[in-house]
Asks: 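Attaching a single structure in structure tokens format; questions to follow.
Quick note: residue numbers are just sequence positions, from 1.
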Amino acid sequence: MKNIHARIVMGTMMTFTSLGLIAQENAEMVTPADSLAKQEVNVAFRTVNQKDLMGGVSVVDMVQLTDKNYSTYSLDNMQSLVGGYNGQLWNMGDALVLVDGVPRDANNVLPTEIDKITFLKGASAVVLYGSRASKGVILITTKRGREDGLQIKARGNASMFVPKAYPEYLGAAEYMTMYNEARANDGLSPTYSEDLIYNTSTGNNPYRYPNVNFFSSDYIKKAYNRYDASAEFSGGGKYAHFYTNIGIYNVGDLINFGEGKDNHTNRMNIRGNVDLRLNDWVTGWVNANATFYDIRSDNASFWSNSATLRPNRVSPLIPISYVEENDIPSWTLINNSNYLVNGQYLLGGTQLDPTNPFAAMYAAGYNKYTSRQFQFDTGINLNLEKMLKGLSFRTQFAVDYATSYNTSINNNYATYEALWNNYSGKDLITSLNKYNKDSSTGTQNVSGSAEKQTIMFSGQFNYNRTFNEVHNVSAMLLAHGYQQTISGEYHRLSNANLGLQLGYDYKNKYYVDFSAAAVHSAKFAPGNRQAISPTLTAAWRLSKEDFLADSPIVDDLKLNASVSMLNQDLDIKTTIDDKSVEYYLYDNVFTSSGTWWGWSESYGNSMQSADSRRSGNDKLFYVKRKEVTLGLDASLWKGLLKLNANFLLLQLKVY
């Protein structure tokens with residue numbers, strides 16, 4: 001029995017941009033550096049001329065953009081440049097991010113390291129990447145060396161971050177007044193006396209009558225800074241080109257006291273690649289990247305407490321200068337304290353608030369998050385022209401390692417509450433109450449250790465040939481797969497598929513493309529793990545027809561249509577005991593009943609029951625994304641205005 005859920009989504013996405021790309025088509029075997037030099041557009045496992053893209057694809061030239069706009073994240077503000085992108089592609093969910101063809105995090109590559117970003121939105125554009133690409137793909141291509149001779153470029157940036165405004169909370173006197181009024185409205189007696197409210201409002205002794213403002217200049221800076229710098233080295237000759245990017249940045253913090261003074265974020269990266277041309281039929285490349293990242297933060301939870309701690313509850317600091325000289329017990333507490341701020345203040349607290357963010361900022365210690373990533377991939381291109389004109393072979397292998405952990409110093413600390421008196425108009429502390437105790441082992445604690453390994457392999461035969469200068473034929477047969485091992489997760493995250501692409505265009509005017517993937521998923525029972533995802537796309541360049549060929553307005557005008565059906569397993573998941581479960585949903589799960597009841601088959605032998613915890617579903621199958629797309633691409637008035645529009649009809653079916 002089938003359980004079918006259908007959802008129809010229709011929409012139109014338009015973008016207007018002046019960021020154009022000039023691409024040239026070349027059927028010869030090329031290295032990644034060659035592709036970038038000819039400014040071709042990266043799509044699934046190949047590069048094509050931008051004018052030959054057939055809908056659902058957008059490209060951003062990051063080199064041009066970075067020269068005009070400073071940003072610190074690879075996908076920052078892309079929604080203003082890419083139609084249908086708002087953090088997701090066509091609102092379908094998290095897209096698959098590939099850096100140089102390998103599944104990697106978008107936040108581990110900076111804008112200064114990137115050459116181009118391609119957004120693959122349509123089903124026909126992502127099908128060759130298999131099931132895990134069904135919600136879209138973002139291809140990030142890093143820079144490469146493609147010039148002879150040594151070139152060195154350096155860039156530095158300094159940024160100042162100034163908060164526009166802070167919350168304006170009531171002061172302690174106003175808060176107590178309003179609190180008393182609220183109690184009066186409920187027919188209750190006031191909590192705070194008039195003398196207490198008056199003395200608090202004068203501000204003459206904020207230690208005795210606290211009026212805490214989290215956003216005072218005593219605790220936070222007016223601004224904090226970010227500094228970053230990068231250096232790029234590129235060059236080479238006939239047989240090899242290299243590129244290296246070395247970058248570093250430091251980000252400060254607004255907190256201006258205690259451990260918060262040392263809060264910071266540091267990052268250093270070294271990215272490099274080499275493109276090799278061994279002879280006329282063998283080329284290859286090697287990419288490597290290492291990233292060192294750490295964040296140091298206090299243990300005070302200052303910002304979250306700023307929204308909850310009342311302004312009159314606690315005095316952050318107790319000045320020892322107010323303690324009576326003959327108060328021996330109080331001076332004994334002072335002399336035995338581990339945390340005497342600037343040699344003048346004890347950490348304040350009360351019985352209701354024995355710990356608070358101010359005391360914690362000085363004494364609770366700090367946490368340091370450390371992340372290290374190493375990424376490596378290599379590939380080979382073989383020109384097989386001697387076997388068959390237009391034939392080539394390409395393979396790529398990648399292995400990435402990422403580790404992260406927290407190191408922290410966690411201290412216990414005592415706080416003090418002062419009992420005040422007034423002698424001859426002078427406030428003095430006559431005794432101190434101590435809450436908790438000071439203890440610091442000096443031990444650095446390690447927690448939150450995590451590891452991630454990614455292994456990727458792809459191999460493909462490509463065929464590109466032009467007949468009689470008008471018939472352009474392309475074909476691709478590929479095998480692609482990757483596997484990620486993540487600490488704490490029993491089952492590896494895997495994606496494996498075979499792909500086929502067949503394309504034809506006549507005079508770059510009429511296009512047809514068929515692409516399909518044979519996908520495999522371990523989420524389903526044996527027998528249900530394979531499926532075929534086909535797509536068919538056609539396009540017509542009207543601007544090459546006689547009635548538009550000499551138009552002074554239309555530079556390029558192309559219509560395209562696509563019909564696709566993708567099989568995906570991303571949405572095959574459920575929640576059990578507040579944990580996401582994706583695998584073995586086709587199996588029944590049984591657990592022991594425990595010891596609360598049982599029976600004895602013979603004297604002294606107790607038997608327990610097996611209870612069903614979850615029923616399996618061996619009929620579970622792929623979610624089908626059925627898509628029909630109509631698109632239009634246009635360039636008007638010599639590229640002054642560019643238009644990309646797509647009308648999408650989407651249907652999802654869950655079996």
Side-chain angles (χ1 to χ4, degrees), residues 19-26 29-50 52-53 56-67 71 73-76 78 81-82 85 89 95-121 125-126 128-129 133 136-147 153 230 232 234 241-245 247 269 271-275 283-289 291 375-379 381 394 396-398 400 454 456 458 460 462 480 482:
L19 295 177
L21 297 174
I22 302 175
Q24 296 178 352
E25 184 178 2
N26 193 325
M29 177 187 61
V30 293
T31 65
D34 293 330
S35 298
L36 295 177
K38 297 174 182 178
Q39 295 189 352
E40 294 177 330
V41 175
N42 290 282
V43 293
F45 299 100
R46 59 189 178 128
T47 58
V48 300
N49 193 304
Q50 188 185 21
D52 295 328
L53 295 175
V57 180
S58 298
V59 184
V60 176
D61 189 322
M62 288 297 292
V63 176
Q64 293 184 15
L65 184 62
T66 304
D67 287 339
S71 60
Y73 173 53
S74 58
L75 302 179
D76 197 18
M78 286 296 158
L81 301 172
V82 178
Y85 178 74
L89 292 171
L96 174 65
V97 177
L98 302 175
V99 179
D100 293 330
V102 184
R104 290 166 177 162
D105 297 328
N107 61 3
N108 194 46
V109 54
L110 297 182
T112 54
E113 304 171 54
I114 300 173
D115 187 85
K116 294 180 180 69
I117 303 179
T118 308
F119 295 81
L120 307 180
K121 297 167 281 189
V126 304
L128 294 177
Y129 284 111
V137 175
I138 299 175
L139 297 179
I140 298 177
T141 305
T142 58
K143 296 178 180 177
R144 313 195 72 82
R146 53 181 182 268
E147 305 243 354
K153 297 180 181 180
S230 64
E232 298 175 273
S234 63
H241 286 91
F242 71 89
Y243 173 84
T244 301
N245 183 300
N269 74 278
R271 180 180 297 276
N273 55 65
V274 178
D275 291 287
T283 63
W285 73 92
V286 176
N287 302 327
N289 176 65
T291 304
Q375 300 170 343
F376 172 86
D377 65 273
T378 184
N381 286 316
R394 171 188 169 111
Q396 182 179 12
F397 172 77
D400 294 354
T454 301
M456 189 279 293
S458 69
Q460 63 193 76
N462 299 299
H480 171 254
Y482 64 87

Asks: For residues N245 and E232, report the shortest heavy-atom separation together with the two atoms involved.
Replies: ND2-CG, 3.6 Å
Asks: Taking T378 for its side chain and W285 for its backbone only, find out whether a donor-acceptor pair lies under 3.5 Å.
Replies: yes
Asks: With under 30° as parallel and over 60° as perpendicular, where do the rings of Y129 and H480 fit, or are they tilted in between?
Replies: perpendicular
Asks: Take T118 and T141 through the side chain to side chain contact (heavy atoms under 4.5 Å, CB included) test and state the conclusion after the steps.
Replies: CA-CA 8 Å; T118 308; T141 305; 5.5 Å; no
Asks: Considering non-hydrogen atoms only, spot the tightest contact between M456 and G101 and give its length.
Replies: CE-O, 3.8 Å
Asks: Answer yes or no: is there a donor N or O on one side and an acceptor on the other, between the side chain of S58 and the main chain of F119, under 3.5 Å?
Replies: no
Asks: Do any N or O atoms from the side chain of Q375 and from the backbone of T291 form a donor-acceptor pair under 3.5 angstrom?
Replies: no
Asks: Would you say the rings of F376 and F397 are close, in the sense that their centroids are separated by under 6.0 Å?
Replies: no
Asks: Decide whether D100 and T142 meet the rule of one side-chain donor and one side-chain acceptor closer than 3.5 Å.
Replies: yes
Asks: Could you tell me whether the side chain of K143 and the main chain of T112 form a donor-acceptor pair under 3.5 Å?
Replies: yes
Asks: What's the shortest heavy-atom distance between G145 and S234, and which atoms?
Replies: CA-CB, 4.0 Å
Asks: Nearest heavy-atom pair of K121 and V57: which atoms, and what distance?
Replies: CE-N, 4.2 Å
